[in-house]
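Worksheet: one structure, shown below.
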Amino acid sequence: MHIVSLALGGCLKAEPVRYGLTEDTGGHITYILGEMEALSRRKDVSLAEIITRRFDAPQLGSVHHQAEERINPKLVITRIDSGNSAYLAKEALRADREAFTDALIAEFCQRERLPDVIHAHFADAADVAIRVEEELGVPFVYTAHSLGLDKRTAMAVRSQAIEARIAEEDRAIDRACAVIGSSRDECERQLVAYPSARIGKVNRLVPGIDRQQRAASLASATNLIAPFLRDPSKPMVLAIARPVRKKNLSTLIDAFASIPTMRDRCNLVILAGLRENLATGSEEQQQVQRELVERIDRHDLYGCVAYPKSHSRDDVQALYALAARTRGVFVNPALMEPYGLTLVEAAAHGLPVVATKVGGPQDILADLEHGLLVDPRDVSEIGSAVERLVTDRHLWNRCSRNALANSLEMNWERYAAGFTEVAREVLSGPRPQKQHTHLLVSDLDNTLTGCPEGIRRFRRFMERREKIGFVVATGRSIVEARRLVRDWGLPAPLAWITSVGTEVYREEAGELTLDQEFSAFINEDWNPAAVDSLLDGYPDLVAQPSYEQRPYKRSYFVENEECAARIENLLRSENIAARVVFSHGRLLDVLPPYAGKAAAMSYVADHFKVAPSHVFAAGDSGNDADMLTACENAILVGNHAEEVASLATRSNVYRSRRENASGALEGVLAHHRARTLRMRQSAGVPA
Ligand code: GLC
Ligand code: MG
């Protein structure tokens, strides 16, 4: 597979990159280099090619004028000459786009082979990719990196520029064969808010982190900050962000200044891009830089604040390391952060974080559990969170340990495996529809996932038994369910039951689509407003993150099973029709009265005209209970949760000795044997 990554803006080159050198030389370059390097290392990738604009601006680096920059035998940066050799920032870049596209198409036409797929970074590159697809038929995948729709919400006044940007993003989302996002917030809230978004196209791929501790010498970090500080060995409160208003760095300075113990015990280190002096860069950049200096002055923070003028990528790594060594904290106080790669980088160094709860950080922190979320507009909340982390030894240690352990999962190899899978789906087109006589409806988490070897056996079995259709039935959202199936290498499902049996998805005309008929069916007697007004702020309930709240599902954390029973009684006494589902000793879902995995299972079986006696269902926890009770051939895997243990005594339930996918497989075979036996007996054939 020949994969092209296309990005138009910024100074895109091989490392070392001078991040912040221009306004557009930002985090997307780390992303593209990480992605493409990992892709180039794969056997199934013949060439990973990064394509960008060629320009001649010696002060930004002569390499940008080089038509080809080879990074390794299978990784190359190709620079396209649009006819204008100047470095261009946003608006000018737009004016140059058509010429660039023409030049790119001309370049492709000269080649013997076209690339298989283009990965367009940002909507402007997607616009180029749309024309390449129209003229040459190369499909494209789109990554937005940051979305305008959310920015508009945060803006006081609407501008034409933002409207144009949103329209452009919407077109990219519409025309891309697949859309890739990093966080759940981005995938399940921001992207789907666009009119053209179709959930079946949205894929979450978690970006990797650079773990090569490139010469992360603590000395270089110390040299960078020591000139500013009285005592560089104090705990470092570190922020790294471009000097733009939405990054909200001045609020961090206020927060730092507002707590006397912090001023005495810590240093604040702010890395806000690169600057020649306070009078260079864009208007906004200059204003923000000046404002930072002005705040430092106003609070008289000299001796405890460092704000270096320039730095290299190695310096950045070294600063994270030094901040961790001093038992400091990384802070991202942005008014809105689409993803938050710096939080993940901090994690790789074992550095705890305080982060804005607006945008991607909430799910990075949910995955990594390495810090505290704050309201970015609340100065005292930011201040106290930082203070808590630097003063509470146990909390700091726990966050630091979690950061190191959990961030290991985020690597570019995994990303690249996921990306090629998405690309393969794009290239293979719709699957042929097969006839199925049986269905295996299975939960994902812990029922199938858990053991890679078991999954391999399970997949081989399903490939051989073409008559058995595989249906997923999970508590997760559709985007997360698809990510799990892809990451674990499970077989492609025939249908998806997601969000605890409140949504059903099937392929229609080659695209995964929400089954509206099922939605209409469970909509009956569902009164979400009544549920919300009764349960919002109820003492024993803690709401799960916003993207877990779905049209037909309200989800909470609870202390114990008694609490779940109380909620059930409460709803009943208020005459609110709803089902309460308790799982894993701490999760609680409130669903419409006719929803749930059992209801969705029989709906799907009906749809595919499979008799109930030919349906197998496998599960492990509370949200599988209704399905395991209703199914004639139910399977409880060996590693099931406490709350469903009693189901093992039912005659329709087979309790596997094995765990996870091997357990599910054992159950299918056991039910099958039992059925053959029954049939023989009733036909009078001796066993
Ligand atoms: C999944 C969902 C969560 C739900 C749980 C139990 O983990 O993401 O919202 O509470 O399943 O059904
Ligand atoms: Mg489960």
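Counting starts at 1 for both ligands and their atoms, following the listed order. All values below were derived from every heavy atom in this structure, side-chain atoms included, with hydrogens, water molecules and symmetry-related copies excluded.
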Over 60° means perpendicular and under 30° means parallel, so classify the ring planes of Phe419 and Tyr415, tilted if in between.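 Rings of Tyr415 and Phe419: parallel, under 30°.
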Between Tyr552 and Trp526, how do the two ring planes meet: parallel, tilted or perpendicular, split at 30° and 60°?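 The arrangement is tilted - the two ring planes meet at 30° to 60°.
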I'd like to check Tyr194 versus Val179 (side-chain heavy atoms, cut-off strictly below 4.5 Å). Are they in contact?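 The answer is no, as the side chains (C-beta and beyond) never meet within the 4.5 Å cut-off.
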Rounded to the nearest 0.5 Å, what separates atom [atom1] in [X] from atom [atom2] in [Y]?
X	Y	atom1	atom2	result
Asn660	Asn639	CG	CG	4.5 Å
Asp443	Ile497	CG	CD1	11.0 Å
Arg675	Ser613	CZ	OG	5.0 Å

Where does ligand 1 get N/O contacts under 3.5 Å from the protein, atom by atom?
from: ligand 1; atom 1: 8 (O); to: Glu548; atom 2: OE1; distance (Å): 3.1
from: ligand 1; atom 1: 8 (O); to: Glu548; atom 2: OE2; distance (Å): 2.9
from: ligand 1; atom 1: 9 (O); to: Gln544; atom 2: OE1; distance (Å): 2.6
from: ligand 1; atom 1: 9 (O); to: Glu548; atom 2: OE1; distance (Å): 3.1
from: ligand 1; atom 1: 9 (O); to: Lys553; atom 2: NZ; distance (Å): 2.9
from: ligand 1; atom 1: 10 (O); to: Gln544; atom 2: NE2; distance (Å): 3.0
from: ligand 1; atom 1: 10 (O); to: Asp589; atom 2: OD1; distance (Å): 2.7
from: ligand 1; atom 1: 12 (O); to: Asp589; atom 2: OD2; distance (Å): 2.5
from: ligand 1; atom 1: 12 (O); to: Asn623; atom 2: ND2; distance (Å): 2.7

For the Mg ion (ligand 2), check which protein N, O or S atoms are under 2.8 Å away and list them.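 Within the sphere that stays under 2.8 Å of the Mg ion (ligand 2), the protein atoms of type N, O or S are Asp443 OD2, Asp445 O, Asp620 OD1.
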Excluding sequence neighbours, so at least two apart, what forms side-chain hydrogen bond (donor to acceptor under 3.5 Å, both in side chains) with His145?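 His145 satisfies side-chain hydrogen bond (donor to acceptor under 3.5 Å, both in side chains) with His121 once adjacent residues are dropped.
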Are there over 12 heavy-atom neighbours, none belonging to His614, within less than 6.0 Å of that residue's NE2?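 Counting neighbours around NE2 of His614, more than 12 heavy atoms of other residues, nucleotides or ligands fall under 6.0 Å, so yes.
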With a 3.5 Å cut-off and sequence neighbours excluded, list the donor-acceptor pairs that the side chains of residues 557-564 form with protein atoms.
from: Asn560; atom 1: OD1; to: Glu562; atom 2: N; distance (Å): 3.3
from: Asn560; atom 1: OD1; to: Cys563; atom 2: N; distance (Å): 3.0

